[in-house]
Novice: 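I'd like to ask some things about the structure below.
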Amino acid sequence: MRTAKKRTQKVGTTPIRVTLPVSVACDLERFQRALANVAAIVRDRHLVPDRQGPLSCMREFVVDRASLEVKEAVADVMRPHESS
Amino acid sequence: MNLPELGVGLNWFPDLDPVLKENNELLDVLEVEPQSLWRRASDTDGLVLDQVSLEALRQLRKPILAHSVALPIGGVHLAPSKGLSNLSTTAQALSSPWVSEHLSFNRIVDESGEWQSGFLLPPRQTIAGVEAAVASVRALSAGLAVPLAIETGVNYLGPRSDELPDGEFVARVAEGADCGILLDLHNVWANDRNGRQPLGDYIDQIPLERVWEVHVAGGHSHRGFWLDSHSGMVSPELMELATRIVPRLPNLKAIVFELFPSYLPKILLSAFRTQLEGLHRLWDRRNTACSAQPARASRSAPSASLPSPAEWERTLARLAVHKPVASPLADELRKDPGLAIIREMVEKFRGSMVVRTLRLTSRLIMLERGPAYLEQLLAEFWKSHAPQPFALDEALAFASFLREQKPYVPFLPEVLAYDCAVIAVALDGEERRVPFGADPLPLLRALGAGRRPAEITKGKYEIRLTPDLVESEARALSSMDVIH
């Protein structure tokens with residue numbers, strides 16, 4: 001049995017929500033492509049922790065079912081019980 | 001009995017569609033497991049027939065045979081009336097000219113209630129066992145609008161001195177219940193190779209005029225046993241035996257090749273075509289004018305009355321799923337090397353139901369703690385939970401087990417919640433939000449790619465899963481899985 005190895009950890013300050021159609025979540029290949037697209041847009045918008053400024057409001061990224069393209073949406077606030 | 005001559009067929013699964021398209025003209029009939037079309041009703045505990053999948057099957061425009069795998073008729077417990085009703089409805093919807101079911105058992109009723117063994121198990125081959133099986137076959141037949149054939153099963157246990165020979169047991173049941181026989185030549189051949197009755201003796205003992213259908217398949221060797229794994233082409237040796245047996249079956253109506261779709265990538269399409277061409281040559285050797293079966297060898301003296309079929313079934317099933325059982329029979333069966341094979345079959349199948357339903361969770365556990373740790377968790381789970389006929393139920397039960405046990409696996413609560421949320425959204429069409437205490441993008445991307453996440457950013461994250469599945473996609477998640 002292998003014990004869990006340590007890994008590098010950083011701290012992000014911007015709450016992020018990803019909205020994903022469940023059909024994409026069920027299809028591993030499309031799921032991977034969609035997450036890569038989200039990661040790219042998050043990187044482009046400078047939300048990675050080492051480039052992050054002061055605490056900002058939540059950012060939401062929505063994956064399109066058909067094209068898997070990602071668009072930023074206006075996010076509502078996280079529900080209190082889910083953001084603790 | 002006036003049944004239609006169907007020809008050469010294939011056991012159908014959606015994943016076999018590529019070979020079906022490539023070899024359409026060589027496939028006269030498709031055989032379907034009715035239970036693969038049953039879905040868990042979203043509003044009740046009942047089952048519904050998936051009309052979308054049914055219509056897709058009809059569009060293939062082939063005769064279809066219903067080959068049931070969930071209501072075996074070799075044991076003391078009769079098929080549940082709801083299951084029987086579903087089977088009858090499905091067979092009629094498929095216009096199946098007959099229905100087949102296994103001469104095995106999988107339902108147990110004991111002090112812990114009613115449960116299933118997770119694998120079709122061999123019945124008690126005694127006179128009392130014949131009587132129990134005849135009652136089961138008659139009960140199932142009575143609920144069907146078409147004739148019933150019993151399938152000759154695989155049996156990894158060694159032969160016993162207190163049981164009827166395999167062929168004689170089948171003969172007595174078929175004649176007692178006045179039903180047809182689905183002669184699974186690969187099963188009988190596997191039994192022969194594993195030390196049970198020789199195939200030739202078996203064929204001499206069964207009423208060949210009752211054989212309506214033959215199954216052939218490929219298998220493989222494992223720990224000294226030949227497994228009925230449906231893992232490839234029919235061996236030349238079995239094809240040669242079939243060439244001699246088929247002309248002796250005056251009422252043969254179909255020869256069906258069985259292949260599990262998971263083995264398809266290992267098979268060349270050209271080899272598949274060659275196999276079907278060989279089966280057509282075999283089909284052409286049938287001889288409807290051959291005389292009825294010559295007088296069979298004299299029958300054995302009545303076998304031992306104990307253990308009873310009920311005790312046999314309870315004991316063997318409990319052993320198969322590692323439930324505690326103490327009796328002289330249990331001690332005997334524990335010494336049988338075939339029990340380890342049965343247990344392995346049950347466990348592999350149960351494990352596969354969990355791994356393909358809780359995909360990211362199982363990958364996370366394996367990547368963070370090693371495959372042996374996942375096996376250890378599954379083994380603990382199996383000790384306290386009986387097998388489920390639906391992969392979904394098996395996986396959700398394992399998810400509950402993980403939540404209770406709280407094994408140390410980084411990010412397990414979040415990834416498990418995510419996997420369960422995907423299932424929930426797919427089933428009920430209600431949106432779910434899954435909070436993550438670490439960036440789910442590198443985590444889930446790494447798991448999706450089958451590697452351990454190297455760098456994780458802590459913070460406040462959430463995945464919102466929105467419903468968008470069409471009905472057939474969603475319902476496929478809740479289909480029944482039965483190992484046989």
Side-chain angles (χ1 to χ4, degrees), chain A residues 1-43 47-50 52 55 58-66 70 73 75-84, chain B residues 359-360 366-376 408-411 418-419 421-427 429 431-450 452-470 473-474 476-477:
Chain A
M1 186 195 311
R2 191 168 60 209
T3 54
K5 295 175 193 166
K6 288 189 176 176
R7 62 168 60 77
T8 312
Q9 290 203 342
K10 297 177 180 177
V11 179
T13 50
T14 304
I16 291 176
R17 173 189 295 147
V18 176
T19 294
L20 194 62
V22 75
S23 67
V24 178
C26 287
D27 180 336
L28 213 50
E29 193 262 328
R30 297 180 72 224
F31 173 72
Q32 286 293 86
R33 280 166 44 208
L35 290 192
N37 291 346
V38 178
I41 195 168
V42 167
R43 193 171 53 241
L47 295 175
V48 289
D50 51 345
Q52 182 59 44
L55 180 70
M58 187 179 168
R59 310 286 290 270
E60 175 163 7
F61 299 94
V62 180
V63 174
D64 179 75
R65 171 193 163 106
V70 180
D76 55 8
V77 291
M78 278 190 180
R79 296 171 193 167
H81 71 279
E82 290 173 353
S83 61
S84 57
Chain B
R359 288 183 303 184
L360 300 185
M366 285 192 279
L367 291 164
E368 291 289 342
R369 300 293 305 271
Y373 188 64
L374 176 61
E375 286 171 18
Q376 183 186 322
Y408 174 65
V409 179
F411 313 113
Y418 172 80
D419 266 343
V422 170
I423 293 167
V425 176
L427 289 179
E431 176 185 307
R432 300 288 193 293
R433 297 181 184 209
V434 185
F436 281 78
D439 187 350
L441 293 176
L443 175 63
L444 299 183
R445 284 181 73 192
L447 294 177
R452 184 173 181 266
E455 180 183 297
I456 294 295
T457 303
K458 286 187 172 179
K460 290 179 180 176
Y461 299 88
E462 183 178 88
I463 291 189
R464 181 168 67 150
L465 289 159
T466 56
D468 72 326
L469 285 175
V470 297
E473 290 173 323
L477 265 177

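Numbers restart at 1 for each chain; the letters A, B, ... are given by sequence-line order, proteins then strands.
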Novice: Any side-chain heavy atom of A:E60 within less than 4.5 Å of one from B:E462?
Specialist: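 Sidechains of B:E462 and A:E60: no contact.
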Novice: Can you tell which of A:L28, A:V63, A:V62, A:V38 has the highest number of heavy-atom pairs within less than 4.5 Å of chain B?
Specialist: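 Among A:L28, A:V63, A:V62, A:V38, the one with the most close pairs to chain B is A:L28.
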Novice: Do B:V422 and A:C26 make a side-chain contact, defined as non-hydrogen atoms from C-beta onward lying under 4.5 Å apart?
Specialist: yes
Novice: Ignoring hydrogens, what is the shortest heavy-atom contact between A:T19 and B:R464? Give both atom names and the distance.
Specialist: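 Between these two residues, the closest heavy atoms are OG1-NE, 3.0 Å.
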Novice: Taking all non-hydrogen atoms of both residues into account, name the closest pair between B:A426 and A:V22 and its distance.
Specialist: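 Scanning both residues completely, I find the closest heavy atoms to be N-CG2, 4.1 Å.
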Novice: Check B:D468 against A:P21 and note the closest heavy-atom contact, atom names and distance.
Specialist: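 Smallest heavy-atom distance, with atoms named: OD2-CB, 3.3 Å.
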Novice: Check whether A:N37 gets within reach of chain B through its side chain, its backbone, both or neither, counting any heavy atom under 4.5 Å.
Specialist: neither
Novice: What part of B:A449 gets closer than 4.5 Å to chain A, counting heavy atoms only: side chain, backbone, both or neither?
Specialist: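 Contact with chain A involves both backbone and side-chain atoms of B:A449.
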Novice: Assess whether side-chain contact (heavy atoms from CB on, under 4.5 Å) is satisfied between A:L20 and B:Y418, documenting all intermediate values.
Specialist: CA-CA 12 Å; A:L20 194 62; B:Y418 172 80; 3.6 Å; yes
Novice: Let me know if A:A36 has heavy atoms under 4.5 Å from chain B in its side chain, its backbone, both or neither.
Specialist: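 Both backbone and side chain.
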Novice: Going by heavy atoms in the side chains, are B:L360 and A:F31 under 4.5 Å from each other?
Specialist: yes
Novice: Which atoms of B:R359 are under 4.5 Å from chain A, going by heavy atoms: the side chain, the backbone, both sets, or neither?
Specialist: side chain
Novice: Kindly compute the distance separating CD1 (A:I16) from OG1 (B:T457), expressed to the nearest 0.5 Å.
Specialist: 9.0 Å
Novice: So which atom in B:L444 and which in A:Q32 form the shortest heavy-atom distance, rounded to 0.1 Å?
Specialist: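 Reported closest heavy-atom pair: O-OE1, 3.7 Å.
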